[in-house]
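Nothing here was measured: the structure is a model prediction, and the numbers come from that model. Numbers here simply count residues along the sequence, with the first being 1.
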Amino acid sequence: MILPAAKAAGLFFFAVVVQVTIVESIGILGGSPDLVLVAIVAVALAQGSIFGAFAGFWAGLLLDVARLGTLGFTSLLLTLAGFWIGRYGETTGRDRAHAPLLSVAVVTVLYAVGSVVMHFLLGEPSSARVALVHSLPATVALNLLLAFPVFALVRRLFSPPAPHAEVEFVG
């Protein structure tokens, strides 16, 4: 039996490689889907806040290293996203049908706002208008479309094993 942490490590390694090599080059209507963010949301909803925060930190660190960006920038944002959505899943959202889509939409907006704030705090040039007005609606829509297959995969990976029927011999 594979531990959930090992499953998450494989999932996020794959998601980071696909994000950096393929997904970031996709631009539709000014937006780009974020596979790693959607995967963090899916895992955090399924596994809880602490698991989501750890997964967000390590996936963000992998993403920062792969992009050769500011180390810890994405880690901080994804750690917060994983914790908040995991907490939402623990308290109210896990059994609700709208929870995955609502979580992806809200976290995508908060991630964009947090990214603009972090760029500002670090003194890096970033256009809030481009990030929040021009690309955000398309990014939210693309992430919502990406949510369906990602949530199905995460549900399959992290679902509890089915109980085996015990056979009783009478004799």
**Request:** Might you confirm whether atom CZ of Phe51 has over 12 heavy atoms from other residues, nucleotides or ligands at distances under 6.0 Å?
**Result:** yes
**Message:** Quick check for you: to the nearest 0.5 Å, what is the distance between Thr70 atom OG1 and Met118 atom CE?
**Reply:** 8.5 Å
**Message:** What's the separation between atom CH2 in Trp84 and atom OG in Ser103, rounded to the nearest 0.5 Å?
**Reply:** 13.0 Å
**Complete:** Minimal heavy-atom distance between Pro33 and Leu142, with the atoms involved, is CD-CD1, 3.6 Å
**Nearest atoms (heavy-atom pairs only) where Val36 meets Gln19** = N-OE1, 3.7 Å
**Asked** Any donor and acceptor pair, going by atom type alone, linking the side chain of Ser49 with main-chain N or O of Gly86 inside 3.5 Å?
**Response** no
**Message:** Has Ser32 got a side-chain atom pairing as donor or acceptor with Ile26's backbone, closer than 3.5 angstrom?
**Reply:** yes
**Message:** Rounded to the nearest 0.5 Å, what separates atom CD in Glu24 from atom CZ in Arg67?
**Reply:** 4.0 Å
**Asked** Does one hydrophobic cluster hold both Leu122 and Leu63, with members joined at side-chain heavy-atom distances below 4.5 Å?
**Response** yes
**Message:** Looking at every non-hydrogen atom in both residues, tell me the closest pair between Leu35 and Leu146 and how far apart they are.
**Reply:** CA-CD2, 3.6 Å
**Shortest non-hydrogen separation from Pro100 to Leu45 and the atoms involved** = CA-CD1, 3.8 Å
**Prompt:** When you look at Tyr111 and Leu78, which way does the side-chain contact (heavy atoms from CB on, under 4.5 Å) test go after all the steps?
**Reply:** CA-CA 8 Å; Tyr111 182 84; Leu78 290 180; 3.9 Å; yes
**Prompt:** Is it true that Val23 and Phe12 fall in one hydrophobic cluster, defined by side-chain heavy atoms closer than 4.5 Å?
**Reply:** yes
**Request:** Check the hydrophobic clustering (I, L, V, M, F, W, Y; side-chain heavy atoms under 4.5 Å; chains of links allowed) and say if Val16 and Val18 are grouped together.
**Result:** yes
**Message:** Hydrophobic clustering (ILVMFWY, side-chain heavy atoms < 4.5 Å, transitive) - are Val106 and Val154 grouped together?
**Reply:** yes
**Asked** Can you name the nearest heavy-atom pair linking Phe13 to Leu62, along with the distance?
**Response** CA-CD1, 4.2 Å
**Prompt:** Can any side-chain N or O of Asn143 pair as donor or acceptor with the backbone N or O of Thr108 at less than 3.5 Å?
**Reply:** no
**Prompt:** Is the backbone N or O of Gly48 less than 3.5 Å from a side-chain atom of Glu90, with the two atoms forming a donor-acceptor pair by type?
**Reply:** no
**Request:** State plainly whether one hydrophobic cluster holds both Phe151 and Leu101, where clusters connect Ile, Leu, Val, Met, Phe, Trp and Tyr through side-chain heavy atoms under 4.5 angstrom apart.
**Result:** yes
**Request:** Mark yes when over 12 heavy atoms from residues, nucleotides or ligands other than Leu153 sit less than 6.0 Å from its CG; otherwise mark no.
**Result:** yes
**Item:** Asp64 (side chain) donor-acceptor with Gly69 (main chain) under 3.5 angstrom
**Value:** no
**Distance (rounded to the nearest 0.5 Å) between Arg87 CZ and Ile50 CD1** = 9.0 Å
**Side chain proximity check, Phe57 to Leu76, heavy atoms < 4.5 angstrom** = no
**Prompt:** Do you know which two heavy atoms are closest between Ile40 and Ala59, and how far apart they sit?
**Reply:** CD1-CB, 4.0 Å
**Fill in**
side-chain contact (heavy atoms from CB on, under 4.5 Å) with Val107: of Asp34, Val38, Leu102, Val41, only one passes, and it is Val41
**Item:** Polar side-chain atom of Thr139 near backbone of Ser135 as donor-acceptor pair, under 3.5 Å
**Value:** yes
**Request:** Check the pair Gln47, Lys7 against side-chain contact (heavy atoms from CB on, under 4.5 Å), reporting the backbone distance first and the verdict last.
**Result:** CA-CA 12 Å; Gln47 296 295 312; Lys7 290 178 186 179; over 6 Å; no
